[in-house]
Asker: 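Just passing along the structure, written as structure tokens.
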Amino acid sequence: MKPQVAGVAVPEEDVSAVVRLVAQVEYAQQNGLPDAFTELFGQEAVWTVPHGDPLTGLAAISAFARRSLPGTVHRPLTVTCEAESIVFVRPELAAVKIRQRPITRDGRRLDEVLRGHDGPGLRSRRCDRPSAAQRRWAFVVAAHPDVAPGTPVYVLTKDDGRWRFAVAQSTASIDHDAFEADQTLPTGAHS
């Protein structure tokens, strides 16, 4: 998907560089690579992680990435990241709206798995109830909110010809429709 681009006019190579940076975020997250992730941030960057904790400065971001990213490669889910829109506020300043979707390690989108579009065995015999497999996936998302669908916003700056994070806000957005079919989910999963 090609992002919508607005704001001041910039060369196409800047648009491509921002899209590549988003792809690098995805690659580093999916493969548990803290150094590859951290190198995308500027020295004074601020990042609010999906759980709401603010991290200020490259040292804090690096410490968090070293603690959290390596363990993600063994989880059954990961995320994709796509730049939906880019607003170039100035030629060296861009705001980027991201669409983040959870996927299984074999590339299946979790929303499709939860809705039963994943082939035999995932649908309940009764169409109005989720299957046991769907409920298990719902519990996985409830237990691992870091792989919930997200709508992060990145503010990037271009210094010495390279785009990097200045500010990042990672915001989870739960697909309530996927969870409302099963009233047995843990408290808080519906709200």
Side-chain angles (χ1 to χ4, degrees), residues 1-7 10 12-42 45-55 58 60-89 93-115 137 140-158 162-176 178:
M1 172 177 103
K2 187 171 171 120
Q4 294 180 347
V5 179
V10 297
E12 184 60 36
E13 63 237 23
D14 281 326
V15 175
S16 296
V18 169
V19 170
R20 275 193 309 276
L21 182 138
V22 173
Q24 290 172 305
V25 169
E26 177 183 279
Y27 182 81
Q29 288 179 334
Q30 288 182 352
N31 294 285
L33 304 171
D35 292 337
F37 183 77
T38 302
E39 74 180 19
L40 303 173
F41 288 83
V46 176
W47 176 33
T48 301
V49 298
H51 309 299
D53 295 331
L55 304 173
L58 194 56
I61 292 166
S62 178
F64 179 85
R66 288 183 185 287
R67 271 192 324 271
S68 61
L69 282 181
T72 63
V73 296
H74 303 295
R75 293 184 183 163
L77 300 174
T78 187
V79 294
T80 62
C81 300
E82 280 185 275
E84 281 192 318
S85 64
I86 304 169
V87 177
F88 287 94
V89 180
L93 179 67
V96 185
K97 181 68 176 137
I98 303 298
R99 180 170 186 168
Q100 195 174 52
R101 291 183 175 171
I103 60 169
T104 63
R105 284 289 170 180
D106 61 357
R108 295 176 291 157
R109 285 189 19 207
L110 185 60
D111 57 340
E112 292 173 359
V113 172
L114 286 171
R115 288 185 177 87
W137 280 114
V140 169
V141 171
H144 300 284
D146 54 315
V147 297
T151 58
V153 173
Y154 302 156
V155 176
L156 308 176
T157 57
K158 185 178 179 183
R162 184 165 178 204
W163 288 95
R164 293 181 194 254
F165 286 99
V167 177
Q169 169 71 46
S170 297
T171 304
S173 64
I174 300 295
D175 179 359
H176 295 285

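The model shown is predicted, which means the values in this text are computed figures rather than measured ones.
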Asker: Does some side-chain heavy atom of Pro152 sit less than 4.5 Å from a side-chain heavy atom of Gln100?
Answerer: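 Yes, their side chains come closer than 4.5 Å.
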Asker: Roughly how far, to the nearest 0.5 Å, is CZ of Arg109 from OG1 of Thr80?
Answerer: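 So the OG1 of Thr80 and the CZ of Arg109 are separated by 8.0 Å.
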Asker: Quick check against the 3.5 Å criterion: does Thr38 have a side-chain atom that pairs as donor or acceptor with the backbone of Pro34?
Answerer: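 Side chain of Thr38 to backbone of Pro34: a pair is present.
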Asker: Would you check if Asp14 and Trp163 make a side-chain contact, meaning some heavy-atom pair closer than 4.5 Å?
Answerer: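 Contact flag for Asp14/Trp163 side chains = yes.
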Asker: Hey, does the side chain of Lys97 reach the backbone of Ala83 with a donor-acceptor pair shorter than 3.5 angstrom?
Answerer: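 Checking the backbone N and O of Ala83 against the side chain of Lys97, no donor-acceptor pair under 3.5 Å is found.
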Asker: Scan residues 15-36 for pairs that pass ring-ring contact (aromatic ring centres under 6.0 Å, His included), counting only residues two or more places apart or in two chains.
Answerer: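 Applying ring-ring contact (aromatic ring centres under 6.0 Å, His included) to every pair that reaches into residues 15-36, excluding sequence neighbours, yields nothing.
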Asker: Find out whether Asp35 and Arg66 are in side-chain contact, i.e. whether some heavy atom of one side chain is under 4.5 Å from a heavy atom of the other.
Answerer: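 Of all side-chain heavy-atom pairs linking Arg66 with Asp35, at least one is under 4.5 Å.
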Asker: Enter the distance from Ser62:OG to Arg67:CZ here, rounded to the nearest 0.5 Å.
Answerer: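 It comes to 10.0 Å.
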Asker: Locate the shortest heavy-atom distance separating Pro3 from Ile86; write the atom from each residue and the value.
Answerer: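 Nearest heavy atoms, Pro3 then Ile86: CG-CD1, 3.9 Å.
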Asker: How many angstroms lie between atom CG of Leu21 and atom CZ of Arg162, to the nearest 0.5 angstrom?
Answerer: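 Leu21 atom CG to Arg162 atom CZ measures 8.0 Å (nearest 0.5 Å).
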Asker: Hey, can you tell me if Phe165 and Phe37 have their rings parallel, tilted or perpendicular (30° and 60° cut-offs)?
Answerer: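 Tilted.
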Asker: Side-chain contact test, heavy atoms from C-beta onward, threshold under 4.5 Å: evaluate it for Asp53 versus Phe64 and give yes or no.
Answerer: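 Of all side-chain heavy-atom pairs linking Phe64 with Asp53, none is under 4.5 Å.
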Asker: For Ala166 and Thr157, which heavy atoms make the closest approach, and how far apart are they?
Answerer: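 The pair with the smallest heavy-atom distance is CB-CG2, 3.8 Å.
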Asker: So, does Glu26 use its side chain to make a donor-acceptor pair with the main chain of Cys81 at under 3.5 Å?
Answerer: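 Pair found, side chain donor or acceptor close to backbone of Cys81.
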Asker: Do Ser170 and Trp47 have side-chain N/O donor and acceptor atoms under 3.5 Å apart?
Answerer: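 There is such a pair between these side chains.
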Asker: Donor-acceptor pair, Arg164 side chain versus Glu39 backbone, under 3.5 Å?
Answerer: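 Yes: the side chain of Arg164 pairs with the backbone of Glu39.
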Asker: Would you call Lys2 and Glu12 a salt bridge, taking side-chain N to carboxylate O under 4.0 Å as the test?
Answerer: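 Here Lys2 pairs with Glu12 in a salt bridge, since their nearest N and O are under 4.0 Å apart.
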Asker: So which of Val5, Val96, Leu156 actually passes side-chain contact (heavy atoms from CB on, under 4.5 Å) with Phe88?
Answerer: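 In the set Val5, Val96, Leu156, the residue that makes a side-chain contact (heavy atoms from CB on, under 4.5 Å) with Phe88 is Val5.
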Asker: Please answer whether the main-chain N or O of Gln30 pairs with a side-chain N or O of Arg105 as donor and acceptor at a distance below 3.5 Å.
Answerer: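 Yes.
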Asker: Between Arg108 and Ile103, is there a donor-acceptor pair closer than 3.5 Å when you use the side chain of the first and the backbone of the second?
Answerer: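 Side chain of Arg108 to backbone of Ile103, a donor-acceptor pair under 3.5 Å: no, none is there.
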Asker: Using side-chain contact (heavy atoms from CB on, under 4.5 Å), reason through Val22 and Ile98 one step at a time and then give a plain yes or no.
Answerer: CA-CA 8 Å; Val22 173; Ile98 303 298; 3.6 Å; yes
Asker: Any side-chain heavy-atom pair from Thr48 and Leu55 closer than 4.5 angstrom?
Answerer: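 No; the side chains remain at least 4.5 Å from each other.
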Asker: Sequence neighbours left out, what passes side chain to side chain contact (heavy atoms under 4.5 Å, CB included) with Glu13? Give chain and number order.
Answerer: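 Partners of Glu13 by the side chain to side chain contact (heavy atoms under 4.5 Å, CB included) criterion, ordered by chain and then number, come out as Pro11.
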Asker: Are any of the side-chain heavy atoms of Gln29 and Leu69 separated by less than 4.5 Å?
Answerer: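 They are in side-chain contact.
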Asker: Minimum heavy-atom separation for Thr72 to Gly32, with atom names?
Answerer: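 Shortest heavy-atom separation between Thr72 and Gly32 comes out as OG1-CA, 4.0 Å.
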